[in-house]
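Worksheet: the structure to be examined is printed underneath.
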Amino acid sequence: MEGEHKKGLNAELIGSDLENCCRGEAQCGQCRHNACNIGFAKQCIANYKKAPQKEVPGGTSGIPTTDFRLFDETELETAIAHILKECKDCKEDHTENCIINVIRNCYEVSLLGDPHPYEGSTLQYLMYLKANFPDKAAYIADIYAGLS
């Protein structure tokens with residue numbers, strides 16, 4: 001399929017991670033959908049399940065970077081490790097609006113406060129995290145290394 005990830009994307013795993021990160025209406029009150037980082041990412045993966053496309057139109061510009069709700073850090077760190085495993089290490093072919101990049105950015109805003117640079121290399125990204133967020137990087141790297 002044109003525009004789809006060459007190796008596909010484990011949309012079920014990513015959807016499950018997003019559900020684990022979501023606090024639900026019981027804790028958040030009324031769902032804010034696309035005004036919430038997790039809600040925005042959930043919409044991206046729902047759209048992907050309907051019509052698998054590598055790119056999210058307007059993806060990174062649509063991330064609600066002013067959503068400052070607190071989420072479970074362990075769930076976010078696990079989700080980042082999983083989304084990194086889905087990365088195709090595209091290096092110079094990396095695009096900011098790649099669904100994997102957009103969802104990772106949503107997790108980053110929720111966990112770290114801002115989206116962070118990604119140059120198409122999981123290893124470079126993990127090294128960046130280690131240099132800037134060593135406590136979180138260690139857990140993410142451990143989860144990532146344990147995935148098959």
Side-chain angles (χ1 to χ4, degrees), residues 3-24 27-28 31-49 52-148:
E4 187 176 359
H5 274 289
K6 292 177 186 170
K7 296 181 190 175
L9 174 68
N10 187 341
E12 295 306 317
L13 173 65
I14 303 310
S16 177
D17 283 344
L18 288 164
E19 287 302 324
N20 291 339
C21 290
C22 181
R23 296 177 57 202
Q27 289 185 330
C28 277
C31 181
R32 294 178 51 210
H33 303 286
N34 285 354
C36 163
N37 288 308
I38 300 303
F40 180 79
K42 285 169 73 173
Q43 185 61 53
C44 291
I45 204 68
N47 291 344
Y48 180 87
K49 287 178 180 180
Q53 296 294 314
K54 179 181 178 182
E55 300 283 322
V56 175
T60 55
S61 64
I63 296 171
T65 57
T66 58
D67 176 26
F68 297 115
R69 271 180 285 172
L70 298 176
F71 296 93
D72 183 278
E73 287 191 13
T74 302
E75 293 293 346
L76 289 167
E77 291 166 348
T78 300
I80 288 174
H82 287 167
I83 201 78
L84 288 174
K85 202 58 151 179
E86 293 298 306
C87 179
K88 308 310 176 217
D89 279 327
C90 53
K91 298 183 182 35
E92 65 275 349
D93 292 329
H94 169 74
T95 62
E96 289 299 305
N97 288 330
C98 165
I99 188 168
I100 293 170
N101 190 65
V102 171
I103 292 173
R104 194 195 72 260
N105 282 168
C106 290
Y107 292 145
E108 289 170 341
V109 171
S110 297
L111 181 65
L112 309 172
D114 291 304
H116 293 277
Y118 191 83
E119 297 177 14
S121 167
T122 301
L123 180 59
Q124 282 182 312
Y125 179 76
L126 288 170
M127 290 170 46
Y128 169 83
L129 286 181
K130 184 177 180 182
N132 294 282
F133 305 96
D135 54 329
K136 294 176 184 0
Y139 184 78
I140 292 168
D142 284 348
I143 297 291
Y144 178 82
L147 298 171
S148 56

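- To the nearest 0.5 Å, the span separating CG on L111 from CZ on R104 amounts to 12.5 Å.
- Judged purely by atom type and a 3.5 angstrom limit, K88 uses its side chain to pair as donor or acceptor with the backbone of E86.
- Checking side-chain atoms of R23 against main-chain N and O of R69 turns up no donor-acceptor pair under 3.5 Å.
- Taken to the nearest 0.5 Å, the CG atom of N37 stands 9.0 Å off from the CZ atom of F40.
- Side-chain atoms of E96 do not come within 3.5 Å of backbone N or O of T60 as any donor-acceptor pair.
- Atoms OH and SG, on Y118 and C98 in that order, are 9.0 Å from each other to the nearest 0.5 Å.
- Atoms CD1 and CG, on I63 and N101 in that order, are 7.5 Å from each other to the nearest 0.5 Å.
- Contact of the Y144 side chain with the I80 side chain is not registered, since no non-hydrogen atoms from C-beta on lie closer than 4.5 Å.
- Between A79 and C21, the closest heavy-atom pair is CB-SG, 4.1 Å.
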- Query: Given N47 and I99, is the side chain to side chain contact (heavy atoms under 4.5 Å, CB included) satisfied, shown in steps?
  - Reply: CA-CA 10 Å; N47 291 344; I99 188 168; over 6 Å; no
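- Here Q43 contributes atom CD and C106 contributes atom SG; the two are 11.5 Å apart, rounded to the nearest 0.5 Å.
- Closest non-hydrogen pair, L76 versus I38, comes out as CD2-CD1, 4.2 Å.
- A donor-acceptor pair is defined here as one N or O able to donate and one able to accept, closer than 3.5 Å; such a pair exists between the side chain of T78 and the backbone of T74.
- No side-chain heavy atom of T65 sits under 4.5 Å from any side-chain heavy atom of D114.
- In this structure the side chain of K136 reaches within 4.5 angstrom of the side chain of E73, judged on heavy atoms.
- Closest non-hydrogen pair, V109 versus D67, comes out as CG1-O, 4.4 Å.
- Between the SG atom in C44 and the CG atom in N97 there is a gap of 9.5 Å [rounded to 0.5 Å].
- Taking 4.5 Å as the limit, some side-chain heavy atom of I14 sits within range of a side-chain heavy atom of I103.
- Across all non-hydrogen atoms, the minimal contact from A81 to I143 is CB-CG2, 3.3 Å.
- When atom types are taken as modelled, the side chain of H82 and the backbone of L13 share no donor-acceptor pair closer than 3.5 angstrom.
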Side-chain donor-acceptor pairs of residues 124-133 under 3.5 Å, sequence neighbours excluded:
from : atom 1 : to   : atom 2 : distance (Å)
Y125 : OH     : E108 : OE2    : 2.4
Y128 : OH     : H116 : ND1    : 2.9
N132 : ND2    : Y128 : O      : 2.9

- Item | Criterion side chain to side chain contact (heavy atoms under 4.5 Å, CB included) on Y107 and D17, from CA distance to verdict | CA-CA 10 Å; Y107 292 145; D17 283 344; 3.7 Å; yes
